[in-house]
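We number each residue from 1, following the sequence as shown.
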Amino acid sequence: MKLIQTGIEDFKTLIDKNVYYVDKTNFISEVLYEKVVIYTRPRRFGKTLKMSMLYYFFSNKEKENAYLFDGLNISHNEEAMRHQNQYPVIFLSLKEMGKIKFESQIEKYRETVSFCAKDNLELPNVAVKPLALAMGI
């Protein structure tokens, strides 16, 4: 029996735990043909989960997790599947910034950007196409 769970923001965790999931993988094919996507929704509307889904689908560092999309809508889209796990992806969430003082936000942002730079040292030598940005309002 599947679980009904809320608050899971990581796509892999959601699929691996076999919880109920409304398949929103068609969003992947929508962002394929855009230069930049700005995805704004109120708090708790699944922005982080959607960005996590995009990360697991496009990231060339997540090839072992390709199974996450088996049987989902996107798996029937041959054109989109050619893009699976083919690109360097930076997944950056700043949602915790609102919970700390401004001075601490600056330091936290500095640490976050530094971590992303160290984790993606190969990117200066790769042509990068901006894909998506999720913003809470």
Side-chain angles (χ1 to χ4, degrees):
M1 180 170 193
K2 288 188 178 233
L3 298 171
I4 297 176
Q5 190 136 0
T6 60
I8 297 177
E9 297 173 339
D10 179 61
F11 185 73
K12 181 179 181 343
T13 301
L14 185 111
I15 298 299
D16 286 346
K17 282 190 164 191
N18 196 31
V19 301
Y20 278 105
Y21 170 66
V22 176
D23 190 344
K24 297 180 182 181
T25 57
N26 287 333
F27 180 69
I28 294 167
S29 59
E30 292 175 25
V31 300
L32 273 175
Y33 305 106
E34 300 294 335
K35 270 189 157 179
V36 175
V37 176
I38 298 178
Y39 185 72
T40 60
R41 295 288 184 271
R43 292 180 67 238
R44 310 291 303 156
F45 267 67
K47 295 177 301 295
T48 304
L49 178 59
K50 234 176 213 180
M51 295 302 289
S52 174
M53 174 187 68
L54 292 174
Y55 174 76
Y56 283 108
F57 186 82
F58 287 112
S59 178
N60 56 6
K61 294 181 180 180
E62 295 296 334
K63 291 180 181 180
E64 71 276 2
N65 290 312
Y67 73 91
L68 296 172
F69 298 91
D70 292 348
L72 297 178
N73 290 340
I74 197 66
S75 67
H76 306 296
N77 182 330
E78 291 179 27
E79 173 61 26
M81 292 305 290
R82 284 192 276 261
H83 295 273
Q84 187 176 23
N85 303 120
Q86 298 298 309
Y87 306 103
V89 175
I90 296 175
F91 177 24
L92 178 64
S93 175
L94 302 175
K95 69 181 191 172
E96 297 299 320
M97 295 292 206
K99 298 179 182 175
I100 56 178
K101 293 182 181 178
F102 181 72
E103 296 80 19
S104 299
Q105 287 179 348
I106 293 171
E107 184 57 32
K108 181 71 172 167
Y109 182 75
R110 185 178 295 126
E111 290 171 7
T112 302
V113 170
S114 176
F115 173 77
C116 282
K118 288 176 186 172
D119 197 39
N120 295 283
L121 292 174
E122 74 282 1
L123 287 184
N125 301 318
V126 177
V128 178
K129 175 186 169 194
L131 183 60
L133 171 68
M135 297 173 54
I137 51 175

How many angstroms lie between CD1 in Ile74 and CD in Gln84, if you round to the nearest 0.5 Å? 9.0 Å
Between Phe11 and Tyr55, is the gap from one ring center to the other below 6.0 Å? no
Same apolar cluster (I L V M F W Y, side chains within < 4.5 Å links), Ile28/Tyr33: yes
Please confirm whether the backbone N or O of Ile100 pairs with a side-chain atom of Lys108, one donor and one acceptor, at under 3.5 Å? no
Under 6.0 Å from the CD atom of Glu78, do we count more than 12 heavy atoms belonging to anything else shown? no
Could you pull out the closest heavy-atom pair between Leu72 and Leu68, with the gap in Å? CD1-O, 3.4 Å
Relative to each other, are the rings of Phe69 and Phe57 parallel, tilted or perpendicular (30° and 60° limits)? perpendicular
Rounded to the nearest 0.5 Å, what separation is found between the CD atom of Glu79 and the OG atom of Ser29? 10.0 Å
Nearest 0.5 angstrom please: Thr13 OG1 to Ile8 CD1, how far? 6.5 Å
Looking only at non-hydrogen atoms, find the nearest pair between Lys24 and Tyr21 and report the distance. N-OH, 3.4 Å
Should the heavy atoms of other residues, nucleotides or ligands under 6.0 Å from OH of Tyr109 be counted, would the total exceed 12? no
Is there a path of hydrophobic side-chain contacts, each under 4.5 Å between heavy atoms of I/L/V/M/F/W/Y residues, joining Met51 to Phe45? no
Using every non-hydrogen atom in the two residues, find where Ser52 and Glu9 come nearest and quote the distance to one decimal. CB-O, 3.6 Å
Testing the basics here: between Ala66 and Asn85, what is the closest heavy-atom pair and its distance to 0.1 Å? CB-OD1, 3.6 Å
Just do the side-chain contact (heavy atoms from CB on, under 4.5 Å) check on Met53 and Phe27 with the steps written out, would you? CA-CA 9 Å; Met53 174 187 68; Phe27 180 69; 4.1 Å; yes
Would you sort out whether Leu54 and Val31 count as a side-chain contact (heavy atoms from CB on, under 4.5 Å), showing the intermediate values? CA-CA 9 Å; Leu54 292 174; Val31 300; 3.8 Å; yes
Looking only at side-chain N and O atoms, does Lys12 offer a donor or acceptor that is under 3.5 Å from a partner on Tyr67? yes
Which residues share a side chain to side chain donor-acceptor pair (under 3.5 Å) with Gln105, sequence neighbours left out: none
Just verifying a value: how many Å separate His83 NE2 and Leu32 CG, rounded to the nearest 0.5 Å? 5.0 Å
Could I get the full list of side chain to side chain donor-acceptor pair (under 3.5 Å) partners for Tyr56, not counting sequence neighbours? Asp10
